[in-house]
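The structure under discussion appears below in the form of structure tokens.
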Amino acid sequence: MNNQGDLRKERMKQIELSLKKAHDEWTRQDAKRRLLIEQMKKKEQSVLEYKETIETYEKARLLLQQSAEYAREQAKQQMETLVTNALQYVFGPLFSFQIEIEEQGNKAVAEFYVVSDYEGIKVKTKPQDARGGGVVDIVTLALRVALMETIQPKVEGPLLLDEPGKHVSGEYVYYLYEFLKSLSTMFGRQIIMITHNQHLAESGDLAYQVSIQDGISEVIRIDNT
């Protein structure tokens, strides 16, 4: 009887050990699953941001391609000036924006470049290759404004921004919100934006902080006086 009891105890230990191993393995696999889901969400957001940027560039290209030669040159100069001003306002005077238009068959093809001055040497790169994501953010923002001001009939209404300057380094955020204020004044447009950046939130004439408590949104007005 004692031997049978010992065998039962040994079997129970083996079963408990197997269950523990299975539970530990499930925990590891579940952690991997949650990590992969989080990574997938970040990748999906990056793809969405990339698509939005490409869409802005393609709209600008289409405008330049479909315009008559004189109107095309005017639109080109307006875009170059506005985007150059934006880059210099945020990053300093060593940056400029350049549009090159080539005739390919019966179609004009536009390419966009950021020109940087490094110790007297001009370096010309595509926006997505220039100084990380911050440059892409500023170029895309300025191009959107240029499109709103250039397309006929003119697009009216406020400028809606979702996380403007998301990749702009902290040292340049102050210049970004000063640039946004200048845009609002220059073109007489209200700017409505969603941001997690406290400095940008505090720069607005009116700001609200939205948080979630137990699944319920709580809205608090931020005092920017």
Side-chain angles (χ1 to χ4, degrees), residues 45-46 48-64 66-67 71 74-93 95-97 99 112 114 127 133-213 216-225:
Q45 182 61 32
S46 296
L48 179 61
E49 292 173 1
Y50 178 76
K51 287 181 177 178
E52 290 176 349
T53 299
I54 293 300
E55 182 181 0
T56 300
Y57 292 170
E58 289 306 316
K59 286 180 179 178
R61 284 195 180 96
L62 186 62
L63 173 65
L64 291 167
Q66 293 181 344
S67 301
Q74 282 191 316
K76 173 179 176 293
Q77 290 179 5
Q78 289 175 353
M79 289 182 185
E80 285 181 334
T81 299
L82 182 56
V83 179
T84 294
N85 287 343
L87 288 170
Q88 294 183 354
Y89 205 115
V90 177
F91 298 114
F95 288 83
S96 62
F97 183 69
I99 301 174
F112 305 138
V114 172
V135 168
V136 174
D137 285 354
I138 299 304
V139 171
T140 304
L141 170 61
L143 270 180
R144 285 176 180 169
V145 176
L147 285 170
M148 292 178 71
E149 296 298 323
T150 304
I151 290 176
Q152 296 296 329
K154 183 178 177 179
V155 179
E156 302 293 345
L159 179 60
L160 304 177
L161 302 176
D162 185 5
E163 295 290 355
K166 181 178 180 181
H167 300 100
V168 174
S169 301
E171 61 190 295
Y172 298 111
V173 170
Y174 171 80
Y175 303 107
L176 171 58
Y177 72 65
E178 285 295 320
F179 173 68
L180 290 174
K181 283 186 174 181
S182 72
L183 280 180
S184 178
T185 302
M186 183 186 307
F187 297 113
R189 288 185 185 272
Q190 180 186 27
I191 295 179
I192 301 174
M193 65 177 168
I194 299 172
T195 181
H196 286 89
N197 188 292
Q198 189 67 25
H199 295 294
L200 287 180
E202 292 173 354
S203 70
D205 299 318
L206 185 60
Y208 293 92
Q209 177 180 317
V210 181
S211 58
I212 297 179
Q213 297 290 337
I216 300 174
S217 295
E218 181 179 350
V219 181
I220 301 174
R221 180 170 173 171
I222 300 176
D223 185 2
N224 286 344
T225 56

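What you are looking at is a predicted structure, and each value in this text was computed from that prediction instead of being measured. The figures that follow rest on heavy atoms only: side chains count, while hydrogens, waters and symmetry mates do not.
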Keeping Thr195 on the side-chain end and Asn197 on the backbone end, is there a donor-acceptor pair under 3.5 Å?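 Judged by distance alone, yes, a pair lies under 3.5 Å.
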Between Ser184 (side chain) and Leu180 (backbone), is there a donor-acceptor pair under 3.5 Å?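 Side chain of Ser184 to backbone of Leu180, a donor-acceptor pair under 3.5 Å: no, none is there.
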Under the side-chain contact (heavy atoms from CB on, under 4.5 Å) criterion, do Val210 and Ile194 qualify, and how do the steps go? CA-CA 10 Å; Val210 181; Ile194 299 172; over 6 Å; no
Nearest 0.5 Å, please: how far is CD1 in Ile138 from CG in Asn85?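 Separation between the atoms: 12.5 Å.
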By the salt bridge (Lys or Arg N to Asp or Glu O under 4.0 Å) test, which pairs, at least two apart or in different chains, include something from residues 188-201?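 Qualifying pairs: Glu149-Arg189.
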List in chain and number order the residues that pass side-chain hydrogen bond (donor to acceptor under 3.5 Å, both in side chains) with Gln78, two or more places apart in sequence or in another chain; answer none if no residue qualifies.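 Result, side-chain hydrogen bond (donor to acceptor under 3.5 Å, both in side chains) vs Gln78: Thr150.
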Residue list, side-chain hydrogen bond (donor to acceptor under 3.5 Å, both in side chains) with Gln45, at least two apart or on another chain: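 For Gln45 the side-chain hydrogen bond (donor to acceptor under 3.5 Å, both in side chains) partners, ignoring immediate neighbours, are Glu49.
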Between Met148 and Leu159, is a side-chain contact (heavy atoms from CB on, under 4.5 Å) present by the stated rule, with each step listed? CA-CA 9 Å; Met148 292 178 71; Leu159 179 60; 3.5 Å; yes
Would the number of heavy atoms belonging to other residues, nucleotides or ligands and lying under 6.0 Å from OH of Tyr174 be above 12?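 Open.
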Output, in order, the C-alpha distance, side-chain angles, deciding distance and verdict of side-chain contact (heavy atoms from CB on, under 4.5 Å) for Phe112 and Val139. CA-CA 10 Å; Phe112 305 138; Val139 171; 6.0 Å; no
Exercise: identify the closest heavy-atom pair between Phe95 and Val114: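 Scanning both residues, the minimum pair turns out to be CD2-CG1, 3.9 Å.
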Evaluate the side-chain contact (heavy atoms from CB on, under 4.5 Å) criterion for residues Leu147 and Met79: first the C-alpha distance (whole Å), next the side-chain angles of each, then the deciding distance (0.1 Å), finally the verdict. CA-CA 8 Å; Leu147 285 170; Met79 289 182 185; 3.9 Å; yes
Measuring only between side-chain heavy atoms, which start at C-beta, is Asp137 closer than 4.5 Å to Tyr172?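 No, every pair of side-chain atoms sits at 4.5 Å or beyond.
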